[in-house]
Amino acid sequence: RTFIFSIPYFQRGYKWKEKDRKLLLDDINQILNKEEDVHFLGTIITYKKLTGSTEFEIYEIIDGQQRIITLYLHILATIEIYIRYKHFADAVRLFQNLVLPGDTDHPSNFKLYSSRDDRLQFNTIVRRIFNNKNFNKQYGDYNLKLLPDAGKPSGNISKMYSKVKSSINTFYGDSGLQKLKEIIDVIFSNLHFIDIMLNDASNSTKFFERVNSRGITVTTGELVRNEVFSRVVGQDDSIVNDIYRNSWLPFFEKFKDPNQFDEYLFAFTLIKSPTCTKQRVFEYLRNRWKGHGEPEAIILDLYTYQDIYLQLKLDSNGAMPVNILQLPKSTYDLV
């Protein structure tokens, strides 16, 4: 059976910086230098989607996106360096590890589905590789399908890929083709994970919050978005797309930036629970929404004070002098 890894819609985009990648490279180099035989890269948490397919299994990645995406970027960069130096047969063999064989009814025949925020950046990299004339000629008759473009044309994925490709090119220049093959062998054979598979998708947000508490900071707004879309984990992408486009974006895009959204969530919570601290906002909201089965119900609840909040934040000139959190409690008691 073939496995597809999917970053869910509710998941935040790629966040790793160069310092994070260097730590991963240190792990790879320990194996290349024979200091270790294998390296343990921690735990990934997945949820198996019900697809009805007997050929493919799709696993949504609740935690582990940063490591998996980074390893994929190294593989893609190696393919592009192979092409640059005309090792087309090696490039084709490696690319075949990343795509599904033959035709498929899935929306993409790539084995990794990136998050919505990263799709345009990810697709651009893959298309540039696949559309190389010499590579394509060697590959033969294959119709590459990718998820619809979404997100910004540049960002963390693009920046990281540029750094990775430069690094891979240096490896090739210093040590030649064999060094690249050794790196790829390490990625496919010597890097180990423990996979925790969730049976209940409704627990995904709780796991995401806990396992990221010691990693890259997760904002309250990101956790709230995760909570909203955890209600549709495992459902068809078209359903998630409709909710995101028709319900979430019209609400979220009214805020100036994610920091303003976080401030609103704190204000929203203080109206309902005046003694709540910033650190406990998400805990309060998650408990509040236990009875809300559908994402739209949570979004509708969040709309309650949005207009008056934004009016308080904006004066007649469009400036933003008011901090709602510094207003007397009696002000928002009237809401």
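These values consider heavy atoms only, across backbone and side chains, with no hydrogens, waters or symmetry-generated copies. Please read all numbers here as calculations on a predicted model, not as lab measurements.
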Original post:
Would you say Ser166's side chain and Ser162's backbone share a donor-acceptor pair under 3.5 angstrom?
Top reply: no
Original post:
For the hydrophobic clusters of this structure (ILVMFWY residues joined by side-chain heavy atoms under 4.5 Å, transitively), does one cluster hold both Phe110 and Ile79?
Top reply: yes
**OP:** Please assess Tyr59 against Glu57 for the test side chain to side chain donor-acceptor pair (under 3.5 Å), listing each intermediate value before the final yes or no.
**Re:** CA-CA 7 Å; Tyr59 291 88; Glu57 293 181 351; 2.7 Å; yes
**OP:** Look at the aromatic rings of Tyr264 and Phe261 and report parallel, tilted or perpendicular, splitting at 30° and 60°.
**Re:** parallel
Original post:
Side chains of Thr46 and Asp195: donor-acceptor distance under 3.5 Å anywhere?
Top reply: yes
**OP:** Taking the side chain as every heavy atom from C-beta outward, state whether Lys15 and Asn156 have any pair of such atoms under 4.5 Å apart.
**Re:** yes
**OP:** Could you tell me whether the side chain of Leu223 reaches within less than 4.5 Å of the side chain of Arg286, counting heavy atoms only?
**Re:** no
Subject >> Reference residue Arg119; test side-chain contact (heavy atoms from CB on, under 4.5 Å); the match among Leu146, Ile157, Leu147, Ile7 >> reply: Leu147
**OP:** Kindly check if the number of other-residue, nucleotide or ligand heavy atoms within 6.0 Å of CZ (Arg280) is above 12?
**Re:** no
Original post:
Atom CG in Asp27, atom CD in Glu35: separation rounded to 0.5 Å?
Top reply: 11.0 Å
Original post:
Taking 4.0 angstrom as the limit, do Asp118 and Lys152 come out as a salt bridge?
Top reply: no
Original post:
Backbone N or O of Met160 within a donor-acceptor pair of the Glu18 side chain at under 3.5 Å?
Top reply: no
Original post:
Atom OG in Ser189, atom CG in Asp37: separation rounded to 0.5 Å?
Top reply: 12.5 Å
Original post:
Below 6.0 angstrom between ring centroids: does that apply to Phe130 and Tyr139?
Top reply: yes
Subject >> Qualifying residue for side chain to side chain donor-acceptor pair (under 3.5 Å) with Thr70, from Trp16, Tyr161, Tyr14 >> reply: Tyr14
Original post:
Should Ile183 and Phe171 be marked as a side chain to side chain contact (heavy atoms under 4.5 Å, CB included) after you check the CA-CA gap, both sets of side-chain angles, and the distance that decides it?
Top reply: CA-CA 10 Å; Ile183 293 173; Phe171 285 142; 3.5 Å; yes
Original post:
What distance do Ile299 atom CD1 and Asn246 atom CG have between them, rounded to the nearest 0.5 Å?
Top reply: 10.0 Å
Subject >> Joint hydrophobic cluster, Leu300 plus Leu302, side-chain heavy atoms closer than 4.5 Å >> reply: no
Original post:
What pair of heavy atoms forms the shortest contact from Leu265 to Val281, and how long is it?
Top reply: O-CG1, 3.9 Å
Original post:
To the nearest 0.5 Å, how far apart are CD in Gln65 and OG in Ser6?
Top reply: 10.5 Å
Original post:
Between Asp90 and Lys181, is the closest basic N to carboxylate O distance under 4.0 Å?
Top reply: yes
**OP:** Report whether Leu177 and Val186 are members of the same hydrophobic cluster (ILVMFWY, side-chain heavy atoms less than 4.5 Å apart, transitive linking).
**Re:** yes
Original post:
Which atom names give the shortest non-hydrogen contact between Asn143 and Asn109, and what distance separates them?
Top reply: O-ND2, 2.8 Å
Original post:
If two hydrophobic side chains count as joined below 4.5 Å and joins carry through other members, does Ile271 share a cluster with Ile308?
Top reply: yes
Original post:
Among side-chain atoms of Asn169 and Tyr85, is any donor-acceptor pair under 3.5 angstrom?
Top reply: yes
Original post:
Rounded to the nearest 0.5 Å, how far does CD1 of Ile83 lie from CD of Gln138?
Top reply: 10.0 Å
Original post:
Do you see a donor-acceptor pair shorter than 3.5 Å between the side chains of Ser247 and Glu296?
Top reply: no
**OP:** Give a yes or no on whether a salt bridge exists between Asp301 and Arg288, defined as a side-chain N under 4.0 angstrom from a carboxylate O.
**Re:** yes
**OP:** Show your working on side chain to side chain contact (heavy atoms under 4.5 Å, CB included) between Leu98 and Leu112 and close with a plain yes or no.
**Re:** CA-CA 8 Å; Leu98 304 182; Leu112 178 69; over 6 Å; no
Subject >> Test side chain to side chain contact (heavy atoms under 4.5 Å, CB included) applied to His74 and Arg21, step by step >> reply: CA-CA 10 Å; His74 279 77; Arg21 186 182 78 91; 3.1 Å; yes
**OP:** Evaluate ring pair (Phe, Tyr, Trp, His ring centres under 6.0 Å) for Tyr82 paired with Phe88, printing each intermediate quantity in order.
**Re:** CA-CA 6 Å; Tyr82 279 162; Phe88 297 114; over 10 Å; no
**OP:** Taking the side chain as every heavy atom from C-beta outward, state whether Ile62 and Ile44 have any atom pair closer than 4.5 Å.
**Re:** no
Original post:
Counting distance only, does the side-chain N/O of Asn29 pair as donor-acceptor with the main-chain N or O of Leu32 below 3.5 Å?
Top reply: no
**OP:** Go through the steps to decide whether Tyr172 and His87 satisfy the test ring pair (Phe, Tyr, Trp, His ring centres under 6.0 Å), and finish with yes or no.
**Re:** CA-CA 12 Å; Tyr172 182 89; His87 302 295; 5.7 Å; yes
Original post:
Taking NZ, NE, NH1 and NH2 as the nitrogens, is one of them in Glu182 or Lys179 under 4.0 Å from a carboxylate oxygen of the other?
Top reply: no
**OP:** Step through it carefully: locate the ring centre of Tyr113, locate the ring centre of Phe5, and say whether they are under 6.0 Å apart.
**Re:** no
Subject >> Non-hydrogen side-chain atoms of Gln96 and Tyr142 separated by less than 4.5 Å >> reply: no
Original post:
With distance as the sole criterion, is a donor-acceptor pair present between the side chains of Gln311 and Tyr309 under 3.5 Å?
Top reply: no
Original post:
Are the side chain of Ser108 and the backbone of Lys145 linked by a donor-acceptor contact shorter than 3.5 Å?
Top reply: yes
Original post:
Any side-chain heavy atom of Val126 within less than 4.5 Å of one from Asn123?
Top reply: no
Original post:
Parallel, tilted or perpendicular: which describes the rings of Tyr72 and Phe122, with under 30° parallel and over 60° perpendicular?
Top reply: tilted
Original post:
Considering only heavy atoms from C-beta outward, does the side chain of Glu36 approach that of His39 to under 4.5 Å?
Top reply: yes
Subject >> Note: Asp20-Lys17 ion pair, threshold 4.0 Å (strictly below) >> reply: no
**OP:** Please examine the side chains of Phe40 and Phe193, heavy atoms only from C-beta on, and report whether any two atoms are closer than 4.5 Å.
**Re:** no
Original post:
Once you round to the nearest 0.5 Å, how far does CG of Leu285 lie from NE2 of His292?
Top reply: 10.5 Å
**OP:** Please test Arg225 against Glu222 for salt bridge (Lys or Arg N to Asp or Glu O under 4.0 Å), starting from the C-alpha separation and ending with a verdict.
**Re:** CA-CA 5 Å; Arg225 185 181 63 175; Glu222 287 172 330; 5.3 Å; no
**OP:** State, yes or no, whether a side-chain contact exists between Phe3 and Lys111 at a heavy-atom distance under 4.5 Å.
**Re:** no
Original post:
Thinking salt bridges, do Asp149 and Arg127 make one under a 4.0 Å N-O criterion?
Top reply: yes
